[in-house]
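A, B, ... follow the sequence lines: proteins, then strands. Residue 1 opens every chain. Only this structure's heavy atoms are used, side chains among them; waters, hydrogens and symmetry mates stay out.
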Protein chains: 2
Amino acid sequence: MSVTLQKSVLEQAQEDFIAQWGALGTAWGINRTMAQIHALLLISPEPASTDEVMEHLEISRGNANTNLREMVGWGLARSVLKRGDRKEYFEGEKDVWKIFCIIARERKRREIEPASLVLKNCAENTRGLATAEAKVFHRQMVELGEFVGLTSSILEKIAASEQSKVMPKAIKLFS
Amino acid sequence: MSVTLQKSVLEQAQEDFIAQWGALGTAWGINRTMAQIHALLLISPEPASTDEVMEHLEISRGNANTNLREMVGWGLARSVLKRGDRKEYFEGEKDVWKIFCIIARERKRREIEPASLVLKNCAENTRGLATAEAKVFHRQMVELGEFVGLTSSILEKIAASEQSKVMPKAIKLFS
DNA sequence: TTATATTTTCAATATTTTCTGAAAATTCAA
DNA sequence: TTGAATTTTCAGAAAATATTGAAAATATAA
């Protein structure tokens, strides 16, 4: 005999949030499981253990462990200890601005900086070449490189700021 | 007997650019082939045919066709005709700012808007619930939703602007 | 028409990424 | 120490994604 417990509206919304946030993970360059764990910790009032994460998301121990570890590495989660308990518990970062900054920095590091490096090299290696074609290419690399570099530094500045300092400015400029 | 032609410095740099730009494609949510074609068209002085793309990147006709088509859809390439020639040629968008805006818009559409929708729904469905836990969850969804919505509208404004209007402001604010 | 050039489609295949589960390593209380 | 609890690792399996290649569709010239 199988019993289906009625889910409360709240539980339903929470599950939706976790499922959909996870689905979005891919688009955000974050894998699905990590995004789901992030969602779970975000709405969890108490820190959760690896076992709780495994159970709630129905994932393996290895998967849970690896992703929790990586989240701690990013700063999206912190590990906390409960006295009298050997288990490790994890608490999600809940400040929206901090989450944004962490993700922005990580993406800058993984996406923008390598691009910038490629462009710099290509520009450097073709400096001073005489043919028209080479000059065009060199110019393109310089231009792209400058653009990417500027973008990078803007992102860096934003991610290093307080939300209360950036948002008002941004709103003023763009609303 | 195999003959290896000496590659010029320029050719070497161009191949590097194509290869590395392609490798970065993944990180950018753009597939490798599309990024490589983009790089190729970007530095190609003349529009290129499907066959030229295939040959240069050593990819299949189906792959070349599909990705060129998609690039035209995004606005990253335009199809041009040469009189007296039945083939279709493709020209890459070369304006850095325009490329940036196209990618920003596409990512907003694919990443930010779905996220915003999820959050709105979760907030809506838990409006007015009485328990403390529900109130916390509702508040989190509202807060996240507002943040994402604001980010989205800022990105929209930027992508709709002229480079010459945005960049000076940005530089002033963040340099 | 008909023949030929070109483009599109898509089932099959290959590649990449993610996940599992169990064994190994580590930690800690007794 | 020993042994139970917990965490980590990683080879192989599964799932997701990208690519091929050839047949079908379409377009054009003669």
J.: If you look at every strand shown and take non-hydrogen atoms under 4.0 Å, does B:Asn31 touch a base, only sugar-phosphate, or nothing?
T.: sugar-phosphate
J.: Select base, sugar-phosphate, or nothing to describe what A:Arg61 touches, counting heavy atoms under 4.0 Å on all strands.
T.: base
J.: Nearest of C:dT7, D:dT7, D:dT20 to any side-chain atom of B:Asn65?
T.: C:dT7
J.: Please report the distance, rounded to the nearest Å, between CD1 in B:Ile30 and C1' in D:dT17.
T.: 16 Å
J.: Whole-Å distance between D:dA18 P and B:Ile37 CD1?
T.: 13 Å
J.: Calculate the interatomic distance between B:Arg83 atom CZ and D:dA29 atom P; express it in whole Å.
T.: 13 Å
J.: Can we say A:Glu162 and A:Lys165 salt-bridge, meaning some charged N sits less than 4.0 Å from an Asp/Glu carboxylate O?
T.: no
J.: Answer yes when A:Arg69 and A:Glu88 have at least one side-chain N-carboxylate O distance shorter than 4.0 Å, and no when they do not.
T.: yes
J.: Give a yes or no answer on whether the side chain of B:Ser116 reaches the backbone of B:Ile112 with a donor-acceptor pair at less than 3.5 Å.
T.: no
J.: What I want to check is whether an N or O donor and acceptor connect the side chain of A:Arg86 with the base of C:dT27 at under 3.5 Å.
T.: yes
J.: Identify, between A:Thr66 and A:Lys87, the residue whose nearest nucleotide on DNA chain D lies closer to the 5' end.
T.: A:Lys87
J.: Backbone N or O of B:Glu46 within a donor-acceptor pair of the B:Glu91 side chain at under 3.5 Å?
T.: no
J.: Using whole Å, report how far CD of B:Glu58 lies from P of C:dT15.
T.: 15 Å
J.: For A:Arg32 and C:dT17, what is the distance between atoms CZ and P respectively, to the nearest whole Å?
T.: 16 Å
J.: Determine, for B:Arg109 against B:Glu156, whether the closest basic-nitrogen to carboxylate-oxygen distance falls under 4.0 angstrom.
T.: no
J.: Taking for each residue the nucleotide of DNA chain D bearing the nearest heavy atom, is the 5' side occupied by A:Thr26 or by A:Glu88?
T.: A:Glu88
J.: Just how far, in rounded Å, is P of C:dT7 from CG of B:Asn63?
T.: 16 Å
J.: Using the closest heavy atom to pick a nucleotide of DNA chain C for each, name whichever of B:Tyr89 or A:Ala64 lands nearer the 5' end.
T.: B:Tyr89
J.: Rounding to a whole Å, what distance do you find between B:Ile59:CD1 and C:dA14:P?
T.: 18 Å
J.: Using whole Å, what does the distance between atom P of nucleotide C:dT6 and atom CG of B:Asp85 come to?
T.: 7 Å
